[in-house]
Amino acid sequence: MQSQSETSVRLRFAPSPTGYPHLGNIRTALFNWLFARHHGGTFILRIEDTDVARKVEGAVDIILDSLRWLGLDWDEGPYFQSQRLLVYRETAQRLLDEDHAYLCYCSPERLEVMRQEQMKRKEPPKYDRRCRDLTQQQRTQLKATGITPVIRFKTPLEGETTFYDLIHDRMTFKHDTLDDFVLLKSDGYPTYHLANIVDDHLMAISHVLRAEEWLSSTPRHVLLYRALHWQAPQFAHLPMILGSDRAKLSKRHGATNISEYQQQGYLPDAMINFLALLGWSVDDRTELLSREELIKHFSLERVGKTPAIFNKEKLEWMNGVYLRRLSLGQFVDHAMPFLDRDLAKSVRRPLDENYVGRVLSLIQERAKTLGEVPQLASFFFLDELPYDTSLLSKGKLDAKSATKAMTIASQKLEEVLTWDATTLECILRSVATELNLSTGELFGLLRVAVTGRTAAPPLFQTMAVLGKDQCLKRFKMILQLLPACLN
RNA sequence: GCCCCCAUCGUCUAGAGGCCUAGGACAUCAGCCUUUCAAGCUGAAGAUCAGGGGUCCGAAUCCCCUUGGGGGCACCA
């Protein structure tokens, strides 16, 4: 049963389409989603596309695709701020009418120079409020110039603003450290500060969960809510996710876009599980949690305050766990697109699903990502293996005894009628005994012959899947190559 | 420069005054298993709880200072 108050839990994820969503953005989306789902609330998607200049084509689609891929389903939206400009303008006008805002005619160039000088004087860069108290005459004059003004908020000159953050508790900011920020830009678009509070109010957002980089602009938002006599939502500023150099995540850190993880073959469930543990935990030992468990246990009380560095090795491990937990059928379904994409062009398509299934049963527990499956399995599909002869000469056997072993093994295998792992093992073990070779020596040699590598799935199972013809063909191939590796 | 946040193994973290001679996970190393790899199992190493002061019978846990790291200070979000 949901209590009355829980039915009004409304969360939103509000990305801006100025780039592709990275791990940090997605972690924020996840926590909002988890919180909403935990409380039986509503999860809303809102696109904050108020920066015309920095808008990236296609970013919205990538954002939606990424959320869908991860299964972070939303109940409302996506709303687009660019389609709600009137609401922001009306609100800005109201602020103007009620003396909480004013028109500012200062040019960007002037502001830039001003900031430069402030920096030079080692002062905090802040708007100098030149247009805050213009006389009626100055106002008329400036209006006559035809310059399109921006609308700025009249930040109280004195006093301080306090609010309670669900994670950081009580926060207080002095007004004299704030300046008169822009609400409406000269192109008629709202700034983040305005659009954000207008929408959160209109969409009845109850909790704002966002990255800690927003903490210092929160007093502005609180001030705005007060000026408009609106009740502010509850804020929770989540710890940041940092790159390995401990700096804010950016392109420099490589592979931070969530879609890259999709392409590399990480599973949504593993991704979700891993991201949930960046800044949150259930207890002192639980690492693996299903979506349902995540929803069930999620709470802001267990969100930490320390910024986290993204640990790719752990993600890989976790993805491997999720990969191994898949049924063979599921694994095949997931891996098929990757095989299609990355297997050599020479491999005939469509791939035979039955054969792929037998191959992948040997690959599944060896893959950490779906992306490495084609590489791990390539020798099952290639007609001719690109042998690296140094692998042969590196073996424990010299070319002469290797040739002898291969010849005998070939002969024995020619006669095999039931080509299965058990039979093959039985026969080849006896070959080893007969030649007075250790199993390691013989099998190692055969492994290179069959797979072209020294590390591969179990030899006999591999041979069984590959089939008699293909195996014997590879043996012949090796026999031809061996003389070249003399000494 | 100003404002704000943060501080436990390399990394993710548990810890809300005595259960901590600080627990778990990834990574690392060793052993077992074994035809290689992987997986699995067992074990090891790894944190004087950033440093210094307090408070207290008692502090990783509370307070202060220092240091370090991060974030913000746009007609970007």
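For the numbers below, each heavy atom of this structure counts, side chains included, while hydrogens, waters and symmetry mates do not. The sequence lines fix the lettering, A, B, ..., with proteins before strands; numbering per chain opens at 1.
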**Prompt:** Going by atom types alone, do A:Ser82 and A:Asp49 pair a side-chain donor with an acceptor below 3.5 Å?
**Reply:** yes
**Item:** Partner of A:Gln116 under side chain to side chain donor-acceptor pair (under 3.5 Å), chosen from A:Lys120, A:Glu112, A:Gln118
**Value:** A:Glu112
**Prompt:** Base, sugar-phosphate, or nothing: which does A:Arg302 touch, judged by heavy atoms less than 4.0 Å apart?
**Reply:** sugar-phosphate
**Prompt:** Hey, is the main chain of A:Arg132 close enough, under 3.5 Å, to the side chain of A:Asp180 for a donor-acceptor pair?
**Reply:** no
**Prompt:** Looking just at side-chain N and O atoms, do A:Thr218 and A:His237 make a donor-acceptor pair shorter than 3.5 Å?
**Reply:** yes
**Prompt:** When rounded to the nearest Å, what value does the distance between C1' atoms of B:U13 and B:C49 take?
**Reply:** 13 Å
**Message:** Is it true that, when you exclude A:Lys55 itself, more than 12 heavy atoms of the residues, nucleotides or ligands shown sit nearer than 6.0 Å to its NZ?
**Reply:** no
**Request:** Inspect the surroundings of CZ in A:Arg130 and state if more than 12 heavy atoms from other residues, nucleotides or ligands are less than 6.0 Å away.
**Result:** no
**Asked** What nucleic acid atoms does A:Phe173 come within less than 4.0 Å of, heavy atoms only: base, sugar-phosphate, or nothing?
**Response** sugar-phosphate
**Prompt:** How is A:Pro458 classified with respect to the nucleic acid when contacts are heavy atoms under 4.0 Å: base, sugar-phosphate, or nothing?
**Reply:** base
**Prompt:** Rounded to the nearest Å, what distance is computed from the NZ atom of residue A:Lys305 to the C1' atom of nucleotide B:U8?
**Reply:** 15 Å
**Request:** For A:Gly320, answer base if it contacts any base atom (sugar-phosphate contacts may also be present), sugar-phosphate if it contacts only those atoms, and nothing otherwise; contact means non-hydrogen atoms under 4.0 Å.
**Result:** nothing
**Request:** Pick base, sugar-phosphate or nothing for A:Ala456, based on heavy-atom distances below 4.0 Å to the nucleic acid.
**Result:** base
**Request:** Check whether any side-chain N or O of A:Arg429 sits under 4.0 Å from OP1 or OP2 of B:U35, and answer yes or no.
**Result:** yes
**Asked** At under 4.0 Å between heavy atoms, what does A:Met119 touch on the DNA or RNA strands: base, sugar-phosphate, or nothing?
**Response** nothing
**Prompt:** With sugar-phosphate meaning primed atoms plus P, OP1 and OP2, does A:Arg324 contact a base, only sugar-phosphate, or nothing at under 4.0 Å between heavy atoms?
**Reply:** sugar-phosphate
**Message:** For A:Leu459 and A:Ala308, find the nucleotide of RNA chain B closest to each by heavy atoms; which residue's nucleotide sits nearer the 5' end?
**Reply:** A:Ala308
**Request:** Scan residues 420-434 of chain A for pairs that pass salt bridge (charged side-chain N to carboxylate O under 4.0 Å, His left out), counting only residues two or more places apart or in two chains.
**Result:** A:Lys412-A:Glu434, A:Glu425-A:Arg429
**Request:** Scan for salt bridge (charged side-chain N to carboxylate O under 4.0 Å, His left out) pairs involving residues 445-467 of chain A, sequence neighbours excluded, and state none if there are none.
**Result:** none
**Request:** Please state how far atom CE in A:Met171 lies from atom C1' in B:C6, giving the value in whole angstrom units.
**Result:** 11 Å
**Message:** Tell me which nucleotide, if any, is Watson-Crick or G-U wobble paired with B:G1 when both distances must be under 3.5 Å.
**Reply:** B:C73
**Prompt:** CZ of A:Arg27 versus P of B:C12: gap in Å, rounded?
**Reply:** 12 Å
**Asked** What one-letter contact string describes nucleotides 41-47 of chain B from 5' to 3', where B marks a base within less than 4.0 Å of any protein heavy atom, S marks contact via sugar-phosphate atoms alone, and - marks no contact?
**Response** -------
**Prompt:** Do the numbers put A:Arg27 on top of the ring of A:Phe31, so that NZ or CZ is under 6.0 Å from the six-membered ring centre and no more than 45° off the axis?
**Reply:** yes
**Prompt:** Would you say the side-chain atoms of A:Asn257 pair up with the backbone N or O of A:His22, donor to acceptor, closer than 3.5 Å?
**Reply:** no
**Fill in**
To the nearest angstrom, the CZ-C1' distance between A:Arg453 and B:C37 comes to 10 Å
**Request:** Report the distance from atom CD of A:Gln375 to atom C1' of B:C37, rounded to the nearest whole Å.
**Result:** 12 Å
**Request:** Please identify each residue that fulfils side chain to side chain contact (heavy atoms under 4.5 Å, CB included) with A:Gln470, with sequence neighbours left out.
**Result:** A:Asp383, A:Leu466, A:Lys473, A:Arg474
**Request:** Assess the side chains of A:Asp51 and A:Tyr192: does a donor N or O sit below 3.5 Å from an acceptor N or O?
**Result:** no
**Complete:** Heavy-atom contacts, protein to nucleotides 70-77 of chain B, under 4.0 Å, summarised as B (base), S (sugar-phosphate only) or - (none) per nt, yield SBSBSBBB
**Prompt:** At under 4.0 Å between heavy atoms, what does A:Leu278 touch on the DNA or RNA strands: base, sugar-phosphate, or nothing?
**Reply:** sugar-phosphate
**Distance below 4.0 Å between A:His168 side-chain N/O and B:C4 OP1 or OP2** = no
**Request:** Let me have a per-nucleotide readout for nucleotides 19-31 of chain B, 5' to 3', with B, S or -, counting only protein heavy atoms under 4.0 Å.
**Result:** ----BBBB-----
**Prompt:** With ring centroids as reference points, do A:Phe274 and A:Tyr266 lie under 6.0 angstrom apart?
**Reply:** no
